Protein chains: 2
Amino acid sequence: MLSIDQLRVLDAIDRCASFAEAAHELHRVPSAVSYAVRQAEEEAGFPIFDRSARKASFTPAGYRLLEEGRRLLRESARLDALAAQLATGWEPELHVVVDGVLPMGPVLRAYPSFADPTVPTRLRVDVEYKQGVLRRFADASADLMLLIGFDPGEDTEAFELFELAPLRMVLVAAPGSGQAPGTGLELAVRDSSPGVDGRSFSGGREVAWLPDFHSKRTALLEGVGFGWLPEHLVTDDLAHGRLAPVEAEVAEWTYAPVVARRASVPLGKGAALFLRHLGVDGVRPEVV
Amino acid sequence: MLSIDQLRVLDAIDRCASFAEAAHELHRVPSAVSYAVRQAEEEAGFPIFDRSARKASFTPAGYRLLEEGRRLLRESARLDALAAQLATGWEPELHVVVDGVLPMGPVLRAYPSFADPTVPTRLRVDVEYKQGVLRRFADASADLMLLIGFDPGEDTEAFELFELAPLRMVLVAAPGSGQAPGTGLELAVRDSSPGVDGRSFSGGREVAWLPDFHSKRTALLEGVGFGWLPEHLVTDDLAHGRLAPVEAEVAEWTYAPVVARRASVPLGKGAALFLRHLGVDGVRPEVV
DNA sequence: AGCATGGTTCAAGCATATCGAACATTCGCT
DNA sequence: AGCGAATGTTCGATATGCTTGAACCATGCT
């Protein structure tokens, strides 16, 4: 089959409009170019140049072959660029697991950067809830996780943590619904980890388990029960009186969310880019 | 840069799931495969395989490289297929010049065939009028021309002609417009050849020159004058009484349109395909 | 332990791309 | 016309590098 090198020669000849010039550009001797062309014609099965005149010129079919061949050359350049990037610390994929309580805005705003063709890293985001975050992070050996109340336990060395903006949780219900601790139904988001049974945390009280925070908010708006929601989901509802704080001993709680990564794997450029989008600064990708 | 051959090796390894199997498929010895992989890794600048385990497996970056590299392989196969077709008598471009009097339907219906990716020939159609057809055919050294009243003159050997369906011309005008030879304005389509002055054929009578037959039909419908039109453009108008035949000695004329090609250049597969669309049968492309 | 499997290393041989020089051809200039 | 410059080709020599086969190492299975 036609080789990339042969196409490169044809391309140079077309741009330089001469075998000799092309040879010069390619840092080869004219006979080498002539040889390469002959090889290409052998492969193609038809003459690529019309040599009847003093200056060789492309045959129509030859030129068509070059036109199409340039696609191959572009593809080849693309691939080499990709290889160069992968070699200098860009991960092929960045897998991030996010706790669904957290605001998705900053995460979603990172997407355009990763859609840029000059960024080889593919971004994959999974949203999980509660224990499901850690579970997914471990099972899929993801690169980063954004979560609240993370305790590395004994192997504090195993993770590097970056602090994110604090996350306020508020205990709310629809005003006039009479939903409150003791008198109503508590709404909670179900743990997305398949092994964990939601009920195990119910503590004996009546609890309704919901699949995510958006369902939970909808249920709260409907006056189905009372429950905790992250503040960013309810500021609007509180302002418009669609939801109201519930009277309780503890009706507000602030978490310090973190993004965690395994200390054992080097921090790639894709991860660094992502972290920068989250407002984490001072991240230096480790050069491999 | 990474060569097509190296990618082919990586691809085989992935499909066969083993260096040894891949070597077998590629009809090479295992060490050759190992060598090629090492070369590829050298080029890439990072390890493509994880050799820590018994069986070598792709690194994430290595697999990503292969995924993208397969695009190159597809492109390469495409190009080789194109070369094979160009070598076996498919022209890179088929340039057809059509006289605007003729119905375009059969010509336009050929387009889908040439849009087929398995047909490498690009179809280019130019519409001209009167002498403009011959002129364009000669100037652009087109491959085929569809025209009426073609006389090869002395060098009847220089062209091969194929007959097309007869073309009836009718002399028409808007009914009640009073437009007729002697009493009205004759409408004629201007010769599209830039050198030819339309007036040279006017014969002293009053003649209005129009750019094409669709304009001419519109002018006739408006009652601007009388004139000849190909039947296929006016059957509907005649049926609905928007136009009517004009009283004259000769109010109808039938041409025998032909498609002509130079006998000196071999008939390509693209041309043969096009001719088949025109209903010309028994065309055999000359194998080059 | 022994063997099969999967991959690597190494030296040798062979193919092939490159080079340099000599040659043909055409164009342009004097 | 005649000469020189430029273009592309041919050809033998050379060197690079691909391929091979055999020996070698590691791992997993019986």
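Letters go in sequence order (proteins before strands), and every chain restarts at 1. Excluded from the calculations below are hydrogen atoms, water molecules and symmetry mates; all remaining heavy atoms, backbone and side chain alike, are included. The structure displayed is predicted, hence computed values, not measured ones.
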What's the [atom1]-[atom2] distance between [X] and [N], to the nearest Å?
X       : N      : atom1 : atom2 : result
B/Lys55 : D/dT27 : NZ    : C1'   : 12 Å
A/His27 : C/dC19 : NE2   : P     : 11 Å
B/Phe49 : C/dG6  : CZ    : P     : 15 Å
B/Leu26 : C/dG7  : CG    : P     : 13 Å
A/Arg51 : C/dA24 : CZ    : P     : 19 Å
B/His24 : D/dT20 : NE2   : P     : 13 Å
A/Ile48 : D/dG8  : CD1   : P     : 15 Å
B/Ile13 : C/dG6  : CD1   : P     : 13 Å

Quiz item: cation-pi between A/Arg28 and A/Tyr35, 6.0 Å / 45°: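 Here A/Arg28 fails the 6.0 Å and 45° test against A/Tyr35.
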
Within the 3.5 Å criterion, strictly below it, is a donor on B/Ser3 or B/Asp5 matched to an acceptor on the partner's side chain?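 The answer is no; no qualifying pair exists.
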
Below the 4.0 Å mark, does D/dC25 have OP1 or OP2 next to a side-chain nitrogen or oxygen of B/Arg54?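 Indeed not, no polar side-chain atom of B/Arg54 lies that close.
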
If the cut-off is 4.0 Å, is B/Arg38 near the phosphate of C/dT9, judged by side-chain N/O to OP1 or OP2?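 For B/Arg38, the contact criterion (side-chain N or O under 4.0 Å from OP1 or OP2 of C/dT9) is met.
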
Below 3.5 Å between N/O atoms, which protein atoms pair up with nucleotides 10-17 of chain C? Just atom names and distances, please.
unit_1, atom_1, unit_2, atom_2, d
C/dA17, OP2, A/Tyr35, OH, 2.2

Give the ring-plane orientation class for A/Phe58 versus A/Phe49, where under 30° counts as parallel, over 60° as perpendicular and anything between as tilted.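 Tilted.
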
What do you reckon, is CD of A/Glu163 surrounded by more than 12 foreign heavy atoms closer than 6.0 Å?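 No - once you tally the heavy atoms of other residues, nucleotides and ligands closer than 6.0 Å, there are 12 at most.
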
Which residues pass the side-chain hydrogen bond (donor to acceptor under 3.5 Å, both in side chains) test with A/Glu160, not counting sequence neighbours?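 Scan of A/Glu160 (side-chain hydrogen bond (donor to acceptor under 3.5 Å, both in side chains), adjacent residues dropped) gives A/Arg261.
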
Can you check whether B/Phe274 reaches B/Leu144 side chain to side chain, under 4.5 Å on heavy atoms?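 Result yes, sub-4.5 Å side-chain heavy-atom pair found.
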
Would you indicate which nucleotide in D/dT9, C/dT18, C/dG7 comes nearest to any side-chain atom of B/Ala56?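 Shortest atom-to-atom distance from the side chain points to C/dG7.
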
Of the nucleotides C/dT8, C/dC19, D/dG8, which has the atom closest to the B/Phe19 side chain?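 So the side chain of B/Phe19 is nearest to C/dT8.
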
B/Ala77: side chain to side chain contact (heavy atoms under 4.5 Å, CB included) partners, not counting sequence neighbours: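 B/Ala77: no side chain to side chain contact (heavy atoms under 4.5 Å, CB included) contacts found.
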
Sugar-phosphate only, base, or nothing, as touched by B/Ala20 at under 4.0 Å among non-hydrogen atoms: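 Contact class for B/Ala20: sugar-phosphate only.
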
